[in-house]
Each structure stands twice: as C-alpha cells, then as structure tokens.
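See structure below.
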There are 2 protein chains.
Amino acid sequence: MNDQQGAAQTGLSTGERLLVGAAELFREKGYAGTTTRELSALVGIQNASLYHHVGGKEDLLYSLCVAALDDVARVFDIPDRGEEPAKVLEQMARGYLEQALKDRDRHATMLTEIRSLSPDRRAAVVARRDENVARLRSVIVSAQEAGQVRADIDPKYLTLALFNLLNWSIFWFNPDGELTKEEIGKILWSVYFDGVAAPAPARTRKPRGTKGSGARKATG
Amino acid sequence: MNDQQGAAQTGLSTGERLLVGAAELFREKGYAGTTTRELSALVGIQNASLYHHVGGKEDLLYSLCVAALDDVARVFDIPDRGEEPAKVLEQMARGYLEQALKDRDRHATMLTEIRSLSPDRRAAVVARRDENVARLRSVIVSAQEAGQVRADIDPKYLTLALFNLLNWSIFWFNPDGELTKEEIGKILWSVYFDGVAAPAPARTRKPRGTKGSGARKATG
DNA sequence: GTCTATACACAGATAGAC
DNA sequence: GTCTATCTGTGTATAGAC
C-alpha cells in the first residue's frame, strides 16, 4: 500500500500523477479556477509536456468523474446472499461513504464539477451516476417491501435523503480529525436509520442501539 | 410580490440585478467559470458599465455570501418563548431549508465558492457561517439535555448530520417538481428526527407519524 | 450611468528540437 | 517523454467621451 499523499506520489506513472493532482486542484480551486500550468508544476513537468499524456484539460475532469462513479458502482455491486435488504442498504451506504472519503478530491470534483463537462460527456456521466442512484433506490424499495423501512415516504426521497446525508460529508471530513471514516459512517447510518429522537421514555428496556446500528458516544 | 425570476427582474436597481445575475451564473458555471462579460450581457449593460456598480468580480461573490448567511441568521434568530428545544430545532431546520431553497443560487454559491474568496474575506465569511452553525448546535444540545434528542452521539455530529441532510437538497431541488419546499422540509425533518426504520412490528398501535413529524406519502 | 476603445495578463494549446 | 518558444483567444479591469 502506498501511503503517500497527493500528486507527488512515487510509484505512479506521470499520467496517473496528473489525475491525482488534477483531483487535488479541481477540488481546491474548482475546474475553471485551476490552470494546466499549476497542475504541470505540481506534478513536476512543463506545461507542454502535459499534452503528451492528456488530450486536454477537460479529459482530466472526465476521467476523474468516470473513475469516481466506477468506485461507487463497485461498492454497490453486492452479491445477493439473501441478506435482509436493510442490511444490504447499510452496507452500501457505509461502503459508499468510506470510498468517497478515501478519495475525497475525486468524489468532490465529480459532485460539483459535472457542470463543467461538455454536453456529451456530461450526459454520459450523469447517466452513469443515475445508474448508481437507481441501484441504491431499488434496495430501499426492497427494504420497504420487507417492512424494514418505513413506507410512508416515497423511495425517491428516501434515496435523496440518504445521499444528502452522505455526500456533504465529503466537504467537511478531515482525515486527521477525531473520527475515522468508519466511525462517521456508523454515526450517519444510525442517524438515517434510527433518527435522532431520544428513545421513548424508558419502559425498563434498554435505551436503544441494541437492535439499531449502535453508534457510540463520540467525545470531542 | 415580484414573481419574475432571474436577473431580468424589473423593479430592481442595476446593482441588485447584478447580484441576482451573479448568483445565477456562479451557481451554473462556478465563480471562476463565469465572465464579467456574460454577467453584463445578462443584465443588459456593457462590461465596462459593471464597474460603475461594483468594485470587481470578487465583490459580487462576497456580497452574495454575506447575504446568504444573513438570511440564515435571520431564520435562526427565534425568540425564546420557552418552547421545547426539539420544536425550536425543527423550526430552525425547516426554516433554513425553505430559505435556502428559495434562494438556491445564492446559497449554492455560498456553499461551494467560499474557496474563491480572498483569504481575508474568506475568513470573515467562514466566521459568520460558524456562528450560524454554533447557534443550531446549541439548540441541539438543549434538546439533548431535555431528553428529546438522543445523547449517545456528540452534538457536533448531530449538527453536521442535519446540515448534510439539508444542504445537499439545494443542488437537486426543482421548484417545478412534484414537491414544494415545505413538503421536502417535512420529509427531511422526519427522516432526521424519526429515522427511516419501519416502526416496530405492530403492537396494535398506529403505524407511526402520530407523535412524529407526520410526513405523508408522496407519490411520484 | 452608460458607452467605445483598449490595456495587459494569462489562459489552453501547438510546433518542433532534443 | 520532456523541453523551450510561441500562437491565439479571452479574461478583468481602466480611460475617457457622452
């Protein structure tokens, strides 16, 4: 495993380092706000050399978006072992978040800079993204049918709500912070599934979290 | 009430129309991706005329951010009538969302383009934003102390989770869609407060939503 | 308050040697 | 595969007349 960060990674080809660096800069300054010169400098080559590896600036953005969505598709591709839909959903949600937080630059760029793609490419990326969304939604529907998820809200909005909850984390998550990706995933899933309301005033039963997702108190 | 949309509004001064137009374009193409020429054209003046009203492009972004955060501060400034903290929190959350969805361009720009501000201005805007966050957080703490909100999760993350849930809506909400701002607010609040888990297998009680926030089934 | 004209910097991208 | 040099378009902003 390569634990180095950013575009200065060793063991990567120049082309790969350009992609990593592009994600870094696009996230930090936006696509339009990033210059190919900055990127070249970050990677340690001249501006002209960049065009030996990449057709143009937009190619970098497109590759990034596709890679991010492939990440997600891979996470969502869970073999059917007959598990309870709610469990599968939890796996998908938490897997998605971990993946997205692992490659924040890439995923943040994908989420905010789709608009900067040419119409053709934008359409292709959006279609790919919609496939992922549909996949998650279908599991939500199954969970509703299995009586594990409330059915009084349209699955469309349950899906959107889940992505809401997870996506925005990409913009504030700090890998050096007090909580790991996994811990945040646990908490957010519990908020989504169990809600934040305090359990009904004790009927001499355990407070909650026994059957729930058991997010533990995180101090800080 | 002025029901016209966008920068072509009548009854607004040129300066105000520049702000509206800037929000529109910044949201659509990003700050760096928007040219002052486009903005001038949208408002119907020459590029040079813009500088009679505004010091420069960045001034527009700064004004936008401050205005958006002032919106929020106003919504969060709820007089203490001794209401239950959880009710105050609901009011804040739903009020915030309605405000943000009403001025999506402005709020989306504020959320994604803070990075494009000069360091001084960025710091000022971030400080202002943090005040709003702190205000909401303090109500969450009160709700925990009152036993209305679960206390096994750090209020910091309950706060972040709520903003997650609300903020991302700004990017997909469609005013011409099937649900109104208010309906989406109802749903998202219910997801946050009650969770999406189906109520415990009927013990001959009503399904749920009686004591909860009562999001009704939205078809579509 | 708006215009025409323009200064000046810097962007993405290419040519062609090594 | 990387370099130096350079083309060409376009960006923000200003000067100064009306």
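Since the structure is predicted, the reported quantities are computational estimates derived from the model, not experimental observations. What's counted below: heavy atoms across the whole structure, side chains too, no hydrogens, waters or symmetry copies.
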What's B:Thr34 touching, base or sugar-phosphate or nothing? Going by heavy atoms closer than 4.0 Å.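 Since only primed, P, OP1 and OP2 atoms lie under 4.0 Å of B:Thr34, the category is sugar-phosphate.
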
What is the separation between atom [atom1] on [X] and atom [atom2] on [N], rounded to the nearest whole Å?
{"X": "B:His53", "N": "D:dA13", "atom1": "NE2", "atom2": "P", "value": "15 Å"}
{"X": "A:Gln46", "N": "C:dG12", "atom1": "CD", "atom2": "C1'", "value": "15 Å"}
{"X": "A:Glu38", "N": "C:dA9", "atom1": "CD", "atom2": "C1'", "value": "15 Å"}
{"X": "B:Leu39", "N": "D:dT10", "atom1": "CG", "atom2": "C1'", "value": "17 Å"}

OP1 or OP2 of D:dC3 less than 4.0 angstrom from a side-chain nitrogen or oxygen of A:His52, does that happen here?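 Checking A:His52 against D:dC3: no side-chain N or O falls below 4.0 Å of OP1 or OP2.
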
Taking only residues two or more places apart in sequence or in another chain, which ones pass ring pair (Phe, Tyr, Trp, His ring centres under 6.0 Å) with A:Phe173?
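Result, ring pair (Phe, Tyr, Trp, His ring centres under 6.0 Å) vs A:Phe173: none returned.
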
ask   = Got a sec, which residues hit ring pair (Phe, Tyr, Trp, His ring centres under 6.0 Å) with A:Tyr62, two or more places apart in sequence or on another chain?
value =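 Expected list: none.
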
Which atom pairs link the protein and nucleotides 13-15 of chain C when you take only N or O atoms and keep those under 3.5 Å?
residue : atom : partner : partner atom : Å
C:dA13  : OP2  : A:Tyr51 : OH           : 3.0
C:dA13  : OP2  : A:Lys57 : N            : 3.0
C:dA13  : N7   : A:Asn47 : OD1          : 3.2

query: Roughly how far, to the nearest 0.5 Å, is the OG1 atom of A:Thr36 from the CG atom of A:Asn47?
result: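 Reported value, rounded in 0.5 Å steps: 4.0 Å.
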
### Query
Can you tell me how far OG1 of B:Thr14 sits from NE2 of B:His53, rounded to the nearest 0.5 angstrom?
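So the NE2 of B:His53 and the OG1 of B:Thr14 are separated by 4.5 Å.
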
Q. Among C:dG12, D:dT12, C:dC3, which is the nearest nucleotide to the side chain of B:Thr35?
A.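 Minimum distance to the B:Thr35 side chain belongs to D:dT12.
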
For the residue pair B:Phe193 and B:Trp189, does the interplanar ring angle fall in the parallel (under 30°), tilted (30 to 60°) or perpendicular (over 60°) class?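 It falls in the parallel class, under 30°.
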
Exercise. Which pairs pass ring pair (Phe, Tyr, Trp, His ring centres under 6.0 Å) with one or both residues in residues 110-137 of chain A, sequence neighbours excluded?
Worked result: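 Pairs touching residues 110-137 of chain A that pass the test: none.
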
Practice problem: Report the residues that fulfil salt bridge (charged side-chain N to carboxylate O under 4.0 Å, His left out) with A:Glu28, sequence neighbours left out, ordered by chain and then residue number. | Solution: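 Applying salt bridge (charged side-chain N to carboxylate O under 4.0 Å, His left out) to A:Glu28 gives none.
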
Q.
Check B:Arg74 with B:Asp71, please: is the shortest side-chain N to carboxylate O separation under 4.0 Å?
A.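 A salt bridge is present here (some side-chain N lies under 4.0 Å from a carboxylate O).
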
A correct dot-bracket answer for DNA chain D, with pairs being Watson-Crick or G-U at under 3.5 Å, [ ] for crossing pairs and | for inter-strand pairs, is ||||||||||||||||||

